[in-house]
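Beneath this line is the structure, given in structure tokens, with notes to follow.
Note that ligands are numbered from 1 as they come in the structure, with each ligand's atoms numbered from 1 the same way.
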Amino acid sequence: MIARLNEDERAKALAHLSNWTAITDPDGLSRRFTFADFNAAFGFMTRVAILAEKADHHPEWSNVYNRVDIVLTTHDAGGLSQRDVDLARAIDALLE
Ligand SMILES: C[C@H](O)[C@H](O)[C@H]1CNC2=NC(N)=NC(=O)C2=N1
């Protein structure tokens, strides 16, 4: 069973995830992405979906036209875990 991050682990992880916001309900990370249009937003979602399937770790997300809102939280852990941090980094890397 994957564990929630403790305070020390959270602080260290967040220091490397400046684009993401720590949230409490659910306990996790969130980030809003804005693209030129729906096509670009959906293309991004497709790439994130492939990452998520490979990692067997899936985002909570919504899309409105060119905007994608992502929340990363670990259901199996009841909150923020290393899996969320790893997926956030992998998502950021898609845009580099
Ligand atoms: C059975 C399967 O491995 C689990 O349900 C995985 C799938 N994707 C998941 N995604 C997220 N965000 N949290 C989980 O706990 C989780 N668990």
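Counting protein heavy atoms only, atom 15 (O) of ligand 1 is closest to D76 N, 2.8 Å. Distance from atom 3 (O) of ligand 1 to its nearest protein heavy atom, with residue and atom name: D56 OD2, 2.4 Å. Among protein heavy atoms, atom 10 (N) of ligand 1 sits closest to H58 N, 3.0 Å.
If you number the atoms of ligand 1 from 1 as listed, the ones under 4.0 Å from a heavy atom of T73 come out as 11 (C), 12 (N), 13 (N). Within the listing of ligand 1, atoms 13 (N), 15 (O) sit less than 4.0 angstrom from a heavy atom of T74.
Of the protein's heavy atoms, at least one falls inside 4.0 Å of atom 6 (C) of ligand 1.
The number of heavy-atom neighbours closer than 6.0 Å to CG of N39, taken from other residues, nucleotides and ligands shown, is 12 or below. The number of heavy atoms from other shown groups lying within 6.0 Å of CZ (F42) does not exceed 12.
A donor-acceptor contact closer than 3.5 angstrom links the side chains of H57 and D84.
Looking at heavy atoms from C-beta onward, F44 lies in side-chain contact with I70 at the 4.5 angstrom threshold. Side-chain atoms of F33 and R31, non-hydrogen and from C-beta on, do get closer than 4.5 Å to each other.
An N or O contact shorter than 3.5 Å links H75 to ligand 1 by distance.
Of the possible donor and acceptor atoms, one in the side chain of E9 sits under 3.5 Å from a partner among the backbone N and O of N6.
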